[in-house]
Amino acid sequence: MAEKTGVTTVVDGEDIAHDASDRDAEKTQTRSAANERFGDQVPHEKLEELAPNGEGEYILDKINNMSEEEAYEIIRESHKFHADDWNFPSEMRERMAKLVEGRKAYGEFYDRDLRIDAVMLRWSSPYPGVRAVADPLDDQKVPIETIRAYFLGISWAVIGTFMATFFNSRFPSISLSGSVIQILLYPCAKFLEWVLPDWGVTVWGVRHSLNPGPWTFKEQMFATITYNIAIYTTNSYGMILVQKLDMFYGLDFISFGYQLMLTLFVQLMGMGFAGFLRRFSVYPVKALWPTVLPIVAMNRALTRPEPKENINGWTISRYKFFYISCVSMAVYYWFPGYLFTALATFNWMTWIAPENITLAILTGSNLGLGLFNPITTFDWNIATSSYAALALPFFVTCTQWISAILGGVIILAIYYNNMNNTAFLPINSSSAFANDGTPYRVQKVIVNNKLDEQLYQDYSPPFYSAGMILTTAANFCFYPVYFLYIMGNQWTTVSQAYVDFYQGLRRGKGNYEGAMDVHSRLMAKYPEVPDWWFILILVGAIVVSVVFLNIYPLDTPVWLVFLMIGINIVFAVPLSFLSATTGTNLGLGALIQVITGYMLPGNPNAFLFSQTLGSWALAGYGDNYVQDQKMAHYVKIPPRAVFRSQIGTIIITCFVAVATQNFILENVQGLCTPTQPSRFTCANDGHPLYAASLMWGLLGSKRMFDSLYPLFKWCFLIGTGIAIVFLVGQGLGPKHLPPMREQLRLKLSPKNFALLDKTLFPFVGSLLWLNPILIIQGIQHWAPSNLSYKTPGMILSFIFMWWMPKYRLAWWEKYNYVLSAALTAGVAISALIMFFAVGYNPVKLEWWGNTVSWAGVDGRQIGILEIPERGYFGPEKGTFP
């Protein structure tokens with residue numbers, strides 16, 4: 001804490017002494033400042049920026065009643081606290097640095113700006129996005145857990161679970177996100193408000209009515225959070241799909257009870273893990289969760305009266321705009337979805353020379369990489385399948401897209417050098433192949449779910465495509481990058497959260513104890529969810545998982561459950577913090593597969609179990625539940641209300657998910673085949689998981705690292721090096737690079753220095769702000785995806801996340817998220833109708849517009865090299881590694 005003695009301020013051991021000649025002036029200014037209303041100096045435009053939700057009088061009151069000493073202490077502490085905060089506004093950071101230096105160094109409006117920033121930090125939020133959606137005031141009397149809110153939230157959760165599970169095996173998949181449902185939910189709520197009577201019962205002194213009055217913002221948010229659980233119930237489906245389908249393992253004991261038991265304990269274990277993660281990703285002010293801000297903003301806009309206004313000539317209301325866009329897309333989607341499918345897979349450059357394999361590889365959308373095709377699709381679902389183009393910041397999308405181009409170049413280098421026999425195979429497939437170029441048939445090498453070495457030597461090792469090699473290698477690079485970079489960059493925040501978690505378990509330290517931000521202090525008024533509630537759920541889920549492993553013939557040891565929990569305890573925290581600060585949501589799949597492959601080689605069922613439980617269920621589901629809790633944190637919904645809604649919805653939606661899984665597995669003709677008419681190709685769920693289970697589960701990590709793909713083991717070291725380069729560069733660069741640049745300017749000739757100034761210096765400077773995690777994520781996002789799925793998202797992001805906010809801000813604020821939700825909803829509705837109308841019992845429409853995209857080489861799964869005359873490539877049979 002700052003300590004003031006006379007005219008000398010002691011800050012962290014450093015003395016800031018003012019000139020003796022300024023002492024009297026400073027004292028006079030301080031005395032006069034005590035009686036001055038600094039809020040009167042705040043311009044109207046500035047006040048609207050500081051208080052976008054109409055809380056201007058509240059903010060002005062805090063500014064006027066804050067002393068200089070209090071404001072200075074807040075600024076000083078916060079400047080140090082937010083030094084490693086990626087999302088903290090740069091202008092505010094620079095201003096705070098000058099304010100800490102004192103009145104003389106800052107200049108005019110020192111007192112006003114000191115108090116404004118201090119009030120933002122203590123009584124509002126320093127982040128403009130949070131200020132726009134989170135009210136610094138709270139009314140605890142507003143209805144939240146109403147019967148109608150539960151009814152609508154759970155009803156839409158059932159619909160959302162059905163949609164997410166139904167289209168999970170489709171590539172690209174279709175789902176109804178929270179941003180879509182909130183718009184559909186609101187008119188349903190207004191209808192119930194209109195028709196339901198005010199009938200109710202009183203329980204423990206609280207009256208619960210069917211219609212407690214006007215539908216409130218908190219009810220809207222509570223129903224949205226209840227729905228959000230629906231999109232998290234599909235992870236176990238991948239394991240069930242690969243185990244049950246005949247084209248994969250074809251196991252006969254995968255019953256309804258098996259599916260339900262697996263889905264339930266996977267979901268509940270993730271819920272239990274959320275109790276651990278919340279101290280790292282809900283309560284810290286740095287845990288921004290940028291992906292939830294648009295959802296809160298839209299719900300706030302929906303529940304407020306919409307003024308009539310003219311925005312760039314547009315006077316249409318949000319709802320009218322939504323329904324016109326939604327219906328238009330539902331009608332239009334019949335063209336790329338069924339009537340004219342070349343609009344979806346618009347590989348028009350390959351039509352010039354359909355049999356030219358080089359052209360297909362460079363520009364194609366099916367076999368190829370889509371590198372040089374600027375216009376790849378007119379299908380909204382494909383265009384937004386890789387990037388949330390109308391939600392994520394443009395710099396995130398741009399970084400990942402440029403990194404993806406680099407990934408494509410690496411794939412070409414692997415392929416055309418025939419590295420690991422990839423030139424005999426399709427360049428970018430997510431499937432595993434035998435040495436004759438056909439999909440790998442695991443039934444030919446296993447007996448009683450175990451690898452038979454002789455059968456294996458008589459058949460073939462499984463082989464990856466070039467795209468899958470890059471995806472797997474980049475995954476291994478990713479883990480040391482994200483772990484070291486997050487822990488190194490955010491150690492202060494993460495370590496404090498670990499201490500708080502320990503103190504909470506040992507002496508019951510409250511989650512909001514000592515909170516700096518106003519939202520945590522307001523939430524402290526509501527009863528917390530005790531840690532032991534989450535622990536009880538976690539223990540119960542562990543017991544069910546142990547029973548599960550003992551009653552079904554999976555040949556999987558019980559200790560694997562505890563190993564998965566231990567790994568997630570270590571790695572889930574930086575993963576969760578990454579999600580909370582960047583919006584990037586990732587699992588531990590590649591790391592889990594390596595560990596399981598070493599410890600239980602030759603056991604694909606153990607591998608599938610570890611992938612389902614360890615790679616996503618614990619850290620991933622826990623992270624998603626924490627995200628919903630952060631949303632509730634912003635809008636002041638009691639934690640126990642969120643807990644009740646999450647538990648109840650999980651149990652209900654698990655039954656819906658399993659029933660939908662069975663319907664898909666038993667009724668979709670040609671499921672998981674490349675030519676499935678409705679795109680249920682399993683390219684992003686069944687085939688990648690099956691390939692991984694062959695490589696790492698059946699053969700084991702030792703064989704993969706030592707013999708089949710030795711390059712993979714070096715990727716962990718490469719990732720460590722990348723993390724160190726960025727940590728050192730971003731830690732020491734701002735201090736040492738400017739003097740070094742100046743020294744070079746003095747020593748070198750103007751011509752040589754100008755050359756470095758255009759080449760080396762910008763590259764080195766980029767290391768100071770680039771996030772290596774986004775770069776690695778962009779590089780790894782290939783097989784089965786390619787650039788034809790990414791370029792449209794990049795174009796949309798440039799228009800709607802850069803150009804529109806810059807030149808049409810008012811239009812963007814009103815319509816951007818509505819447009820995204822409307823088009824996504826239109827696609828989902830149309831695709832569902834289309835499946836049951838012409839896909840369930842396939843009605844083929846044969847004409848040029850539906851065959852041209854697949855007629856040439858781009859529509860085949862082939863390599864550039866012919867299979868040798870002996871009938872297979874690679875090592876001789878009997879000598880396979």
Check whether the side chains of [X] and [Y] place a donor and an acceptor atom closer than 3.5 Å, and report yes or no.
| X | Y | result |
| --- | --- | --- |
| N605 | K450 | no |
| T377 | D379 | no |
| Y237 | S169 | yes |
| Y690 | S431 | no |
| N850 | T341 | yes |
| S610 | T596 | yes |
| S365 | T376 | no |
| N603 | D555 | no |
| S460 | R441 | no |
| W348 | N373 | yes |
| D436 | T438 | yes |

Can you tell me if [X] uses its side chain to pair, donor with acceptor, with the backbone of [Y] under 3.5 Å?
| X | Y | result |
| --- | --- | --- |
| K790 | H781 | yes |
| T879 | E876 | yes |
| Q593 | S693 | no |
| S785 | W782 | no |
| N435 | G874 | no |

Could you check F424 against F463 for side chain to side chain contact (heavy atoms under 4.5 Å, CB included), going step by step and ending with a plain yes or no? CA-CA 10 Å; F424 294 102; F463 289 93; over 6 Å; no

Looking at [atom1] of [X] and [atom2] of [Y], how far apart are the two atoms once the value is rounded to the nearest 0.5 Å?
| X | Y | atom1 | atom2 | value |
| --- | --- | --- | --- | --- |
| D858 | L367 | CG | CG | 6.0 Å |
| W696 | I595 | CH2 | CD1 | 11.5 Å |
| Y709 | S701 | OH | OG | 14.0 Å |
| L787 | N428 | CG | CG | 10.5 Å |
| R679 | I382 | CZ | CD1 | 4.0 Å |
| L371 | L412 | CG | CG | 5.5 Å |

Which heavy atom of [X] sits nearest a heavy atom of [Y], and at what distance?
| X | Y | value |
| --- | --- | --- |
| I240 | Q661 | CD1-OE1, 3.2 Å |
| L823 | M329 | O-CG, 3.3 Å |
| A783 | G467 | CB-C, 3.7 Å |
| T397 | M794 | CG2-CA, 4.1 Å |
| G856 | E355 | CA-OE2, 4.0 Å |
| M419 | I469 | O-CD1, 4.5 Å |

Residue pair F680, F835: steps toward the ring-ring contact (aromatic ring centres under 6.0 Å, His included) verdict: CA-CA 10 Å; F680 286 82; F835 175 80; 5.4 Å; yes

Side-chain contact test, heavy atoms from C-beta onward, threshold under 4.5 Å: evaluate it for [X] versus [Y] and give yes or no.
| X | Y | value |
| --- | --- | --- |
| M239 | L262 | yes |
| I664 | T165 | no |
| V242 | Q611 | no |
| Y440 | F433 | no |
| L774 | V396 | yes |
| Q243 | L554 | yes |
| K877 | Y872 | yes |
| L698 | F607 | no |

Please evaluate residues L369 and L362 with respect to the criterion side chain to side chain contact (heavy atoms under 4.5 Å, CB included), reporting the C-alpha separation (whole Å), side-chain torsions for both, the decisive distance (0.1 Å), and the verdict. CA-CA 6 Å; L369 303 181; L362 294 178; 5.9 Å; no

Please test W380 against L796 for side chain to side chain contact (heavy atoms under 4.5 Å, CB included), starting from the C-alpha separation and ending with a verdict. CA-CA 10 Å; W380 172 258; L796 288 171; 3.8 Å; yes

Please test S236 against T612 for side-chain hydrogen bond (donor to acceptor under 3.5 Å, both in side chains), starting from the C-alpha separation and ending with a verdict. CA-CA 6 Å; S236 60; T612 301; over 6 Å; no

Would R703 and F705 count as a cation-pi pair here, with the cationic atom under 6.0 angstrom from the ring centre and within 45° of the axis? no

Measure from NZ or CZ of K702 to the centre of the six-membered ring of Y598 and say whether it is under 6.0 Å with the direction within 45° of the ring axis. no

Could you go step by step and tell me if F483 and F478 meet the side chain to side chain contact (heavy atoms under 4.5 Å, CB included) rule? CA-CA 8 Å; F483 185 80; F478 170 77; over 6 Å; no

ring-ring contact (aromatic ring centres under 6.0 Å, His included) partner of F346, the single match among Y789, W351, F335, F340: W351

Step by step, work out the ring-ring contact (aromatic ring centres under 6.0 Å, His included) result for F162 and F166. CA-CA 6 Å; F162 170 76; F166 188 88; 5.3 Å; yes

What class does the angle between the rings of F880 and Y456 fall in, given that below 30° is parallel, 30 to 60° is tilted and above 60° is perpendicular? perpendicular

Non-neighbouring partners of C477 that pass disulfide bond (SG atoms under 2.5 Å apart), sequence neighbours left out: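 Residues passing disulfide bond (SG atoms under 2.5 Å apart) with C477: none at all.
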
List the steps, then state whether side-chain hydrogen bond (donor to acceptor under 3.5 Å, both in side chains) holds for T422 with N420. CA-CA 5 Å; T422 53; N420 296 106; over 6 Å; no

Heavy-atom count around Q443 CD within 6.0 Å, excluding the residue itself: above 12? yes

